[in-house]
Colleague: 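Quick one: this structure, given as structure tokens, is what I'll be asking you about.
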There are 2 protein chains.
Amino acid sequence: MNQHASHKPDYEKELRRAGVRITRPRKVILRILTETDDHPDAMEIFQRASAIDPSISLSTVYRTMKLLEEMGAIHRHAFEGGRARFEQADGEHHDHLIDIDTGDVIEFHSNRIEELQEEIARALGYDIVHHRLELYGRRRRKP
Amino acid sequence: MNQHASHKPDYEKELRRAGVRITRPRKVILRILTETDDHPDAMEIFQRASAIDPSISLSTVYRTMKLLEEMGAIHRHAFEGGRARFEQADGEHHDHLIDIDTGDVIEFHSNRIEELQEEIARALGYDIVHHRLELYGRRRRKP
DNA sequence: AATGCAATTGCAAATCGTTTGCAATAAAAA
DNA sequence: TTTTTATTGCAAACGATTTGCAATTGCATT
């Protein structure tokens, strides 16, 4: 098991490559995503964006996130608690441990678990297309 | 890893013990749940109930499911695809493999995976409160 | 069996997160 | 610059679930 390190992608270049316009609202949103290393939901992104440019709408945040998701630049996660949360897609698969008190997300990866999942699916006659492993926990108090 | 066998609980007795009234709509819904061994969503339960008594409302289905959930008689799962799906709670924990073509749900359990999860959480300084492991797969074609 | 009353119902309206239609605006091509 | 077309903000629509409310119904009591 090992934790996961992140790097900063150039969303603007990716968008340009996808042939879409680099608008002012998009610039702001992309900047926020680049500077972020947590897993914000649309409302959080909207609020951070509003602080920079109050004219940006929540719709545009959603539209931009959908765009980035479709081009594979970010992942959308449906953790517990209503809102979808986003993170940059950096190619390396990982699962999530969510702090139920703070909402903090810790990424981890276990080859052993992935293998076991494959084994189980195979035994049941299935091929795994994707999976979802979320641990909801509470920080252990010092004893 | 082993698959999971289900048994039929007496929801009506449980409800009575909880001190709520056994109404006609509730009787119908409970009967449907008892006769079911898949993982229906509220709309499916509503439709099955409507076939028996067309006057039953979707609200009552939701209210009854919430009631049963609160007394621990059923579990609510937020699989992919919008609607929550329900299953009887029979004490034995298991995870789910969802057939992405049919929506079928196969239950499984792996002590090894559970141990690894614990290990990971511990290493990260957390206690697991609950977790969610869902495999989304497709039936393997005979080669 | 008839009564009384709180629990439960069906309905419509409200909720929450997200998406969408549309007319106005702004990027980028010419 | 002007033109073309994508993108925007807004409000309204959305789908799943919940809720307020007045009408009904279980069921404990006579």
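Only this structure's heavy atoms are used, side chains among them; waters, hydrogens and symmetry mates stay out. In this text the structure is predicted, and so the values were computed from the model without any measurement.
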Colleague: Rounded to the nearest angstrom, tell me the gap between atom CG in A/L30 and atom C1' in D/dT7.
Modeller: 14 Å
Colleague: Could you check how far CZ of A/F79 sits from P of C/dG17, rounded to whole Å?
Modeller: 17 Å
Colleague: Quick test: give all pairs of protein nitrogen or oxygen and nucleotides 10-13 of chain D nitrogen or oxygen below 3.5 Å, distance rounded to 0.1 Å.
Modeller:
residue	atom	partner	partner atom	Å
D/dA11	N6	A/S59	OG	3.3

Colleague: Rounded to whole Å, please give me the gap between CG in A/D41 and C1' in C/dG17.
Modeller: 10 Å
Colleague: Does a donor on one side chain sit under 3.5 Å from an acceptor on the other, for A/E87 and A/H94?
Modeller: yes
Colleague: So what is the end-to-end bend of the helix from C/dA1-D/dT30 to C/dC16-D/dG15, with 5 pairs used at each end and the value given to 10 degrees?
Modeller: 30°
Colleague: Which value, rounded to the nearest 0.5 Å, describes the distance between A/I56 atom CD1 and A/S50 atom OG?
Modeller: 7.0 Å
Colleague: Taking only residues two or more places apart in sequence or in another chain, which ones pass ring-ring contact (aromatic ring centres under 6.0 Å, His included) with A/H75?
Modeller: none
Colleague: Nearest to the side chain of B/Y62, which nucleotide is it out of D/dT18, D/dT8, C/dG17?
Modeller: D/dT18
Colleague: If we ignore angles and hydrogens, is there a donor and acceptor under 3.5 Å between the side chains of B/H93 and B/E114?
Modeller: yes
Colleague: Between A/L67 and B/R76, which is nearer to the 5' end of DNA chain D once each is assigned its nearest nucleotide?
Modeller: A/L67
Colleague: Rounded to whole angstroms, how far apart are CZ on B/R83 and C1' on D/dC14?
Modeller: 13 Å
Colleague: Report the distance from atom CD1 of A/I29 to atom C1' of D/dT7, rounded to the nearest whole Å.
Modeller: 11 Å
Colleague: Walk me through it: do A/L15 and A/L68 pass the test side chain to side chain contact (heavy atoms under 4.5 Å, CB included)?
Modeller: CA-CA 8 Å; A/L15 279 177; A/L68 292 170; 4.1 Å; yes
Colleague: Whole angstrom is fine here: how far is it from CD in B/E44 over to P in D/dT17?
Modeller: 11 Å
Colleague: Crowded around B/R139 CZ? As in, over 12 foreign heavy atoms under 6.0 Å?
Modeller: no
Colleague: Is the side chain of A/H131 donor-acceptor paired with the backbone N or O of A/V129 at a distance under 3.5 Å, no angle test?
Modeller: no
Colleague: Sorted by first residue and then second, give each ring pair (Phe, Tyr, Trp, His ring centres under 6.0 Å) pair with at least one member in residues 23-65 of chain B; sequence neighbours left out.
Modeller: B/H39-B/H96
Colleague: How many angstroms lie between atom CZ of A/F79 and atom CG of A/D41, to the nearest 0.5 angstrom?
Modeller: 11.5 Å
Colleague: Enumerate donor-acceptor pairs with a distance under 3.5 Å from any side-chain N or O in residues 23-31 of chain A to protein atoms, sequence neighbours excluded.
Modeller:
residue	atom	partner	partner atom	Å
A/T23	OG1	A/R26	N	3.3
A/R26	NH1	A/R21	O	2.7
A/R31	NE	A/E35	OE2	3.4

Colleague: Taking the nucleotide of DNA chain D with the nearest heavy atom to each, does A/G19 or B/M43 sit closer to the 5' end?
Modeller: A/G19
Colleague: Just by distance, do the side chain of B/E70 and the backbone of B/L67 share a donor-acceptor pair under 3.5 Å?
Modeller: no
Colleague: It should be established whether B/K66 places a side-chain nitrogen or oxygen under 4.0 Å from OP1 or OP2 of nucleotide D/dT18.
Modeller: yes
Colleague: Starting at CZ of A/F86 and ending at P of C/dG17, how long is that distance when rounded to a whole Å?
Modeller: 13 Å
Colleague: Among A/T102, A/D101, A/D99, find the one that has a side chain to side chain donor-acceptor pair (under 3.5 Å) with A/R138.
Modeller: A/D101
Colleague: For nucleotides 23-30 of chain D, read 5' to 3', which letter fits each nucleotide if B means a protein heavy atom sits under 4.0 Å from the base, S means only the sugar-phosphate is that close, and - means neither?
Modeller: --BBS---
Colleague: Can you measure A/H77 atom NE2 to C/dT18 atom P for me and round it to whole angstrom units?
Modeller: 14 Å
